[in-house]
Amino acid sequence: MPHFTPVLLVIAFGAIVVALTALGRRLPVPTPILQVVAGLGLALVPGVRVPELEPELVFFLFLPPILWAAAFFTSLREFRDNLRAISLLAVGLVAATTAVVAVLVHALLPGVPWAVAVVIGAIVSPPDAVAAEAIVKRLPVPSRVIAILEGESLVNDASALVLYRTAVAAAVTGAFSWGEAVVRFFIDAGVGIGIGLLVGWLVVAIARRTKDALVETLLTLVGPYVAWVAAELVHVSAVLACVAGGIHLRRHFSTAVGPRVRIEAKAIWDLVLFVVNALVFLLLGLELGHLLLVTPADTLARALRLGLVVSAVCIATRIVWMPFGAFVPRALSAEIRRREPPPTPKGVALIAWAGMRGIVSLATALALPRTLADGTPFPYRTEIVLVTMTVIVLTLVVQGLTLAPLIRWLRFPPETAHVEEARMARREALRWAGETLDELAHTDGVERADVEWLRRDLRERLAHHGGHAPGRAALRLRVIESERALLVRLRDEGAISDEVLFELETELDLEATRLGRVVAAH
């Protein structure tokens, strides 16, 4: 029987990722589902040995870049505007799901300690936005729904991990205190956020002082791991450290680095996130296949049955929670009715169904300790991992395959707010660029012909179609910087979202990069 070495396994993983990327573009199936199936099939190949990862290494490898990037691409304005709805999901629903699942598991699994039951509930409580966003962002969905789903994914991991680690500690040591858990949550959150902000500030400060594009890009890749390790060293929320660091970097990235770095960093981060997510779901399928082969039949059947029930309970709890969380507080509070736009039944229905589980649930299940403080095996560890994988696969299949048809059936009306914000921002940036050009016209060494050419260029909004002489290119670069500064100010004032800033800034960066080559060539 052939033996698959780690090198061959890595090559196989790479080939599978490439093949699934091409296939996923042609099938109406979320890519994570294809990746899980591929991993499962690979595990069933004779000679394949599943790599055994250290529990803490699972967290360290996968979570920091995903959390940091999710925070970086989240609009702070939308997060702030929907904070109450996000908190109800990311804290309230996580706690409710944990409690409901814990009660169910304690009733159905004979002899399971309460602490272990809570561990299972905490593991499966946080939805993963990766698969949902891959579907939602391709279809006409209200921006507020996307903002709530993104915001929930940033905070719910921290809530679930606090419950998870508290329950694991109680299971390992036999000691537990609700009061200590609540206090610990706020300490973990506050200190973790502080560490993340400090790391984000350091990344921005170093980026401002170096002119090396490679170093600046590497800083964005190293930042999440530094934040994670620093938070872990003082035993606070590494999740919120990564979230806070990513948000801080996004707020200052436009002024800290140049156009080339922003373009390169986005391309590199897209690749990193794609590889990390693909690796996670492939490992999920691989681990599931391995467990199917080595777990005794009676244990396997019991775990799969429990996983099916837990999956149904997780889905049902979210469906029941959403109408109460969306409509009851508005009915009871005039302040909420005054401050927030009313939720729509269609939006509530979509959020209620977008509850697929993923990377965080997998990482926490695999990170379970193997023994208790007295050296005995951790109770039901194999069953917990199997239940978690069953929940992930079932929610991905059931909800992942039906989410796009549901969105099409709901027929959300088209939104114009994003388009209007972008139009206003372009108009203001163009006006500000004209004022900047007027000031530059009086600068020594600036040719009047170049100024007049750029004035016509700005009025007609056709600068990106024509060629530039070196003098005009250098002048246009200075005007582009003024446009970017105006866009950043509009974002900071709340007039436009981070998404609009990112969209328009990318247009300016592409033009600035091209013009920079013209200037450098002369």
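This structure is a prediction, so every number in the text was calculated from the model and none was measured.
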Which atom names give the shortest non-hydrogen contact between [X] and [Y], and what distance separates them?
{"X": "Ser159", "Y": "Ala90", "answer": "OG-O, 2.9 Å"}
{"X": "Pro65", "Y": "Pro224", "answer": "N-CB, 4.2 Å"}
{"X": "Arg357", "Y": "Pro126", "answer": "CG-O, 3.9 Å"}
{"X": "Val141", "Y": "Phe412", "answer": "CA-CD1, 4.4 Å"}
{"X": "Arg250", "Y": "Leu501", "answer": "NH2-CD2, 4.1 Å"}
{"X": "Leu273", "Y": "Ile66", "answer": "CD2-CA, 4.0 Å"}

Hey, is Asp498 close enough to Arg491 for a salt bridge, meaning N to O under 4.0 Å? yes

Say you draw a straight line from [atom1] of [X] to [atom2] of [Y]; how long is it, rounded to the nearest 0.5 Å?
{"X": "Glu503", "Y": "Leu487", "atom1": "CD", "atom2": "CG", "result": "10.5 Å"}
{"X": "Glu264", "Y": "Glu216", "atom1": "CD", "atom2": "CD", "result": "9.5 Å"}
{"X": "Glu505", "Y": "Glu483", "atom1": "CD", "atom2": "CD", "result": "12.0 Å"}
{"X": "Cys242", "Y": "Ile193", "atom1": "SG", "atom2": "CD1", "result": "12.5 Å"}
{"X": "Leu218", "Y": "Ile268", "atom1": "CG", "atom2": "CD1", "result": "7.5 Å"}
{"X": "His235", "Y": "Ile187", "atom1": "NE2", "atom2": "CD1", "result": "13.5 Å"}

Is the side chain of [X] donor-acceptor paired with the backbone N or O of [Y] at a distance under 3.5 Å, no angle test?
{"X": "Arg251", "Y": "Ile247", "value": "no"}
{"X": "Thr210", "Y": "Ala207", "value": "no"}
{"X": "Tyr225", "Y": "Leu61", "value": "yes"}
{"X": "Thr97", "Y": "Val94", "value": "no"}
{"X": "Arg262", "Y": "Thr506", "value": "no"}
{"X": "Arg84", "Y": "Glu340", "value": "no"}
{"X": "Arg318", "Y": "Ile351", "value": "yes"}

* Would you kindly say whether Glu78 and Ser143 are connected by a side-chain donor-acceptor distance under 3.5 Å? => no

Exactly one of Leu249, Leu63, Val243 clears side-chain contact (heavy atoms from CB on, under 4.5 Å) with Trp68, and that residue is Leu249

Practice prompt. List the steps, then state whether side chain to side chain contact (heavy atoms under 4.5 Å, CB included) holds for Leu366 with Val385.
Written response: CA-CA 7 Å; Leu366 296 179; Val385 174; 4.2 Å; yes

Contact check, side chains of [X] and [Y], non-hydrogen atoms, under 4.5 Å:
{"X": "Asn156", "Y": "Leu89", "answer": "no"}
{"X": "Ser237", "Y": "Leu161", "answer": "no"}
{"X": "Trp269", "Y": "Phe72", "answer": "no"}
{"X": "Thr98", "Y": "Tyr164", "answer": "no"}
{"X": "Leu154", "Y": "Glu150", "answer": "no"}
{"X": "Leu362", "Y": "Phe62", "answer": "no"}

Practice prompt. Starting from the C-alpha separation in whole Å, work towards a yes-or-no answer on side chain to side chain contact (heavy atoms under 4.5 Å, CB included) for Asp188 and Arg165.
Written response: CA-CA 11 Å; Asp188 285 0; Arg165 286 180 168 164; over 6 Å; no

Inset, instruction - For side chain to side chain contact (heavy atoms under 4.5 Å, CB included), just list the numbers for Arg489 and Leu486, CA-CA rounded to whole Å, side-chain angles, deciding distance to a tenth of an Å, and then say yes or no. - result: CA-CA 5 Å; Arg489 193 177 77 190; Leu486 187 278; 3.4 Å; yes

**Report entry** Derivation of the side chain to side chain contact (heavy atoms under 4.5 Å, CB included) call for Ile123 and Leu368
**Finding:** CA-CA 10 Å; Ile123 288 174; Leu368 280 171; 4.3 Å; yes

* **Over 12 foreign heavy atoms within 6.0 Å of CZ, Arg339** => yes

